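We count residues from 1, following the sequence as given. Please read these numbers as outputs of a predicted model, since none were measured by experiment.
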Amino acid sequence: MAAETVRPHAPKGLDAQGFIEREGSLGRIQRPFRPVVAAARDRVLDLIGPRLHSAYLYGSIPRGTARVGRSDLDLLLALRDEPADADREGVRALGESLDKEFPEIDGVGTLLYGRKLLLSESERHDLGWFVACLCTPLLGDDLAEYLPRYRPDSLLARETNGDLALLLPRWRERIDAADSDEARRPLVRFMSRHLVRTAFTLVMPRWNGWTSDLGEMAEIFAGYYPQRADELRAAAVLGHAPTADAAVLRRYVDDLGPWLADEYTRVHGTKAPR
């Protein structure tokens, strides 16, 4: 059970009506990252052509908090039809080429979806919310115009991160297959970030605000679950500067992850099946 304490931060990230404000803008992109964003924009157009409905940036680069040589470039591409394997291979190769050409970034992550799925009722409070609130338009017709406004409520919490229990078995398989430091380090980074964000959305409705800052997420969570505060603070650090320690990954899937999944289900329920 949660042991509630004084909230460490005043809620923020909402507009005057209590809706989550869209974060990020092209104007916040720091100068070192502008060439890679320009190159990504042009090459996405060349790769997808008229099948592209819209393209977005998300993450630290459009928020203006990216670190040169350490932050990745995150893209979401919405196609007019459903993506095929050839599309996924194309964006993978595009990401690899950008990563090699621009030392300012440390990797490229690209999400690829069809417009119909992003606007579907089943994804209204997951991928739809992600596009409307966390993505910055880069190309095309902004899908946010077709989506509702969102509040930091229990429905949003459940539909964004209420599936951790289903993910943990897959995480264990990935950990078992990671047999080198090079393979484990990105897993530590990914799982650390996912757990911190899940922990934050667990308490988000009570805090009644939004942030994407991992450190701030951990501190807000700590205000409600002080018994797990140190673990979340450590995970927030590893989300930015990961190690290759297999013991960290094991603690995630054997202790912190199962506890968080159970508490999430108790508080918000489970994500609707897809």
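A salt bridge does not link D46 to R43: none of the charged nitrogens lies less than 4.0 Å from a carboxylate oxygen. Note on E104 versus R34: no salt bridge recorded, every NZ/NE/NH1/NH2 to OD/OE distance being 4.0 Å or above. Salt-bridge check for R115 with D81: failed, with every basic side-chain N at 4.0 Å or more from each acidic carboxylate O. A salt bridge links D176 with R250: at least one charged nitrogen is closer than 4.0 Å to a carboxylate oxygen. Checked for salt-bridge contact, E121 and R124 meet the test: a charged N lies under 4.0 Å from a carboxylate O. Using a 4.0 Å cut-off between charged nitrogen and carboxylate oxygen, E219 and R233 count as a salt-bridge pair. Using a 4.0 Å cut-off between a side-chain N of Lys or Arg and a carboxylate O of Asp or Glu, R67 and D106 do not qualify as a salt bridge. Between R92 and E96, at least one side-chain N (NZ, or NE/NH1/NH2) sits under 4.0 Å from a carboxylate O, which counts as a salt bridge. Taking the charged nitrogens against the carboxylate oxygens, E159 and R274 do have a contact shorter than 4.0 Å, which makes a salt bridge. A salt bridge links D72 with R189: at least one charged nitrogen is closer than 4.0 Å to a carboxylate oxygen. R22 has no carboxylate O lying under 4.0 Å from a charged side-chain N of D15, or vice versa, which leaves the two without a salt bridge.
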* side-chain contact (heavy atoms from CB on, under 4.5 Å) evaluation trace for I20 with L156 -> CA-CA 11 Å; I20 297 175; L156 183 61; 3.6 Å; yes
* **Y225 vs W259, ring pair (Phe, Tyr, Trp, His ring centres under 6.0 Å): CA-CA, chis, key distance, verdict** => CA-CA 12 Å; Y225 292 88; W259 172 83; 5.4 Å; yes
* Applying salt bridge (charged side-chain N to carboxylate O under 4.0 Å, His left out), run through D126 and K271 and close with a yes or a no. => CA-CA 10 Å; D126 191 3; K271 187 174 184 176; 2.5 Å; yes
* Please assess D74 against V108 for the test side-chain contact (heavy atoms from CB on, under 4.5 Å), listing each intermediate value before the final yes or no. => CA-CA 6 Å; D74 294 310; V108 177; over 6 Å; no
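Applying the ring pair (Phe, Tyr, Trp, His ring centres under 6.0 Å) test to pairs two or more places apart or on separate chains, those with a residue in residues 17-63 are Y58-F130. For residues 161-197, the pairs satisfying ring pair (Phe, Tyr, Trp, His ring centres under 6.0 Å) are W171-F190, W171-H194, F190-H194, with sequence neighbours left out.
A continuous path of hydrophobic side-chain contacts links L187 to L214 [ILVMFWY only; heavy atoms under 4.5 Å]. Both L111 and L167 are assigned to one and the same hydrophobic cluster, defined by single-linkage of ILVMFWY side chains at heavy-atom distances under 4.5 Å.
Taking both residues in full, the closest heavy atoms of L26 and L57 are given as CD2-CD1, 3.9 Å, listed atom of the first, atom of the second, then distance. Pairing each heavy atom of L118 with each of A78, the nearest pair is CD1-CB, 3.6 Å.
Residues R185 and V188 have side chains not in contact (no heavy-atom distance under 4.5 Å, counting atoms from C-beta outward).
Neither side chain, Y264 nor T270, offers a donor N or O lying under 3.5 Å from an acceptor on the other.
Among D254, L256, D255, the one residue that satisfies the side-chain contact (heavy atoms from CB on, under 4.5 Å) test with Y252 is L256.
For the pair R228 (side chain) and F221 (backbone), a donor-acceptor distance under 3.5 Å is absent.
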